[in-house]
Peer 1: 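For reference, the structure I am asking about is given below.
Numbering of ligands and ligand atoms starts at 1, following listing order.
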Amino acid sequence: MLYGLLPEIIATLKQFSPDIDVNLKDISSYQQIDALKSGEIDIGFGRFAHQDPWIQQILLRHERYVVALPKSHPLANVRKQRLIDLANNRLILYHQTHLPVSSTVTIETATQANDKLSTSRVNRAATHEAASSEPITEPLLHLFAQYGISPFMTTTVSDLQVALGLVAAGEGITLVPASLQTVRTEQISYQRLVHENVTSPIYLHTLEDFVHPKIPDLLTAIYHVYEQRGITYRQQNFVSQA
Ligand code: BEZ
């Protein structure tokens, strides 16, 4: 979230509400749920939906994915790419948290060669066949699977920075939310996809029964930034019990 609009949203919020004290914590979407319940944080931003009776979830917008390719790649200058044309490339996966099983796609005949890569070293020996009817819970594989595509060469890394590092080094391609397309632009070409529904949702999470009194100001700041930038969004109602 930090690569995108968050700095601008916080600056706008501080303009609207100069007395506000903002402290940022870098914790995963799933850890945010416990942090909200324990009172460690007041709000969380993330890209995963949570079905939890204690948590109120506000969908802010859907952000389009773009494809990140090494500049030397034959498709690097092709605008409007199709997922099917990317399927023969090594796909770099970087999500630590996978989709809940309820929102997944099952592929009966998928065969995946998965290389595991830790932050510090590549382990190309960790290749395994996964011909299965198991649901696809990895978010990028899930997107491909929605189009009936199963990339057969994948490398899994610990985070998005490492994934873009590998793309920059010519090791493969990946998909990232469009707000990432300013990262490593000397080595990486970012191109849009033809598929309009290949998107990543952005949610704001807060407690169901205690809404921080500054949340209306925060939503106003977020929508103000979207409008300034011409970003499409649908304004959501949220329940304030404060
Ligand atoms: C956004 O890109 O829409 C966004 C980023 C961070 C916080 C809230 C919204």
Side-chain angles (χ1 to χ4, degrees), residues 1-18 20-37 40-50 52 55-68 94-97 99 103 139-140 142-143 159-161 163-164 174-185 188 190-193 195-208 210-240 242:
M1 310 297 298
L2 276 170
Y3 293 97
L5 301 178
L6 190 59
E8 199 176 328
I9 288 168
I10 290 171
T12 309
L13 175 64
K14 285 180 173 169
Q15 270 171 18
F16 290 173
S17 195
I20 198 162
D21 184 18
V22 178
N23 292 294
L24 292 177
K25 284 180 188 265
D26 176 19
I27 50 179
S28 78
S29 200
Y30 285 92
Q31 289 167 332
Q32 284 176 26
I33 300 307
D34 285 340
L36 282 166
K37 290 178 185 171
E40 187 189 342
I41 61 172
D42 299 310
I43 57 146
F45 293 112
R47 293 182 183 272
F48 294 95
H50 296 284
D52 186 312
I55 300 297
Q56 181 170 182
Q57 172 168 285
I58 301 165
L59 174 65
L60 294 175
R61 68 179 176 116
H62 288 277
E63 183 176 15
R64 284 183 79 151
Y65 271 103
V66 291
V67 54
Y94 53 83
H95 287 93
Q96 289 170 349
T97 39
L99 298 171
S103 64
L140 296 189
H142 181 75
L143 290 174
D159 67 34
L160 205 149
Q161 277 289 357
L164 289 177
T174 194
L175 302 182
V176 292
S179 51
L180 271 292
Q181 62 192 322
T182 51
V183 178
R184 289 185 183 268
T185 47
I188 300 179
Y190 296 93
Q191 298 294 353
R192 288 183 74 156
L193 292 157
H195 321 284
E196 285 186 5
N197 58 346
V198 177
T199 58
S200 170
I202 298 180
Y203 296 103
L204 184 157
H205 290 111
T206 184
L207 283 180
E208 182 67 47
F210 173 72
V211 174
H212 192 279
K214 290 288 183 189
I215 286 194
D217 285 353
L218 174 60
L219 280 175
T220 306
I222 292 170
Y223 296 146
H224 179 80
V225 169
Y226 289 169
E227 272 155 34
Q228 295 278 60
R229 289 180 160 256
I231 290 173
T232 311
Y233 69 99
R234 187 178 299 162
Q235 202 151 322
Q236 302 286 327
N237 289 329
F238 83 101
V239 185
S240 171

Peer 1: Among Tyr226, Tyr203, Tyr233, find the residue that satisfies the side chain to side chain contact (heavy atoms under 4.5 Å, CB included) test when tested with Leu60.
Peer 2: Tyr226
Peer 1: Tabulated below should be the N or O atoms of ligand 1 paired with protein N or O atoms at under 3.5 Å; can you produce that?
Peer 2:
from	atom 1	to	atom 2	distance (Å)
ligand 1	2 (O)	Arg61	NH2	2.8
ligand 1	3 (O)	Arg61	NE	2.6
ligand 1	3 (O)	Arg61	NH2	3.4
ligand 1	3 (O)	Tyr226	OH	2.4

Peer 1: Work out which heavy atom in Tyr190 is nearest to a heavy atom in Leu180; give both atom names and the distance.
Peer 2: OH-O, 3.6 Å
Peer 1: Does Asp42 pair with Lys214 as a salt bridge, N-O distance under 4.0 Å?
Peer 2: no
Peer 1: What pair of heavy atoms forms the shortest contact from Tyr94 to Leu140, and how long is it?
Peer 2: CE2-CD1, 3.7 Å
Peer 1: Where do Ile58 and Leu219 come nearest, in terms of heavy atoms and distance?
Peer 2: CD1-CD1, 4.3 Å
Peer 1: Could you pull out the closest heavy-atom pair between Gly46 and Gln32, with the gap in Å?
Peer 2: N-OE1, 4.5 Å
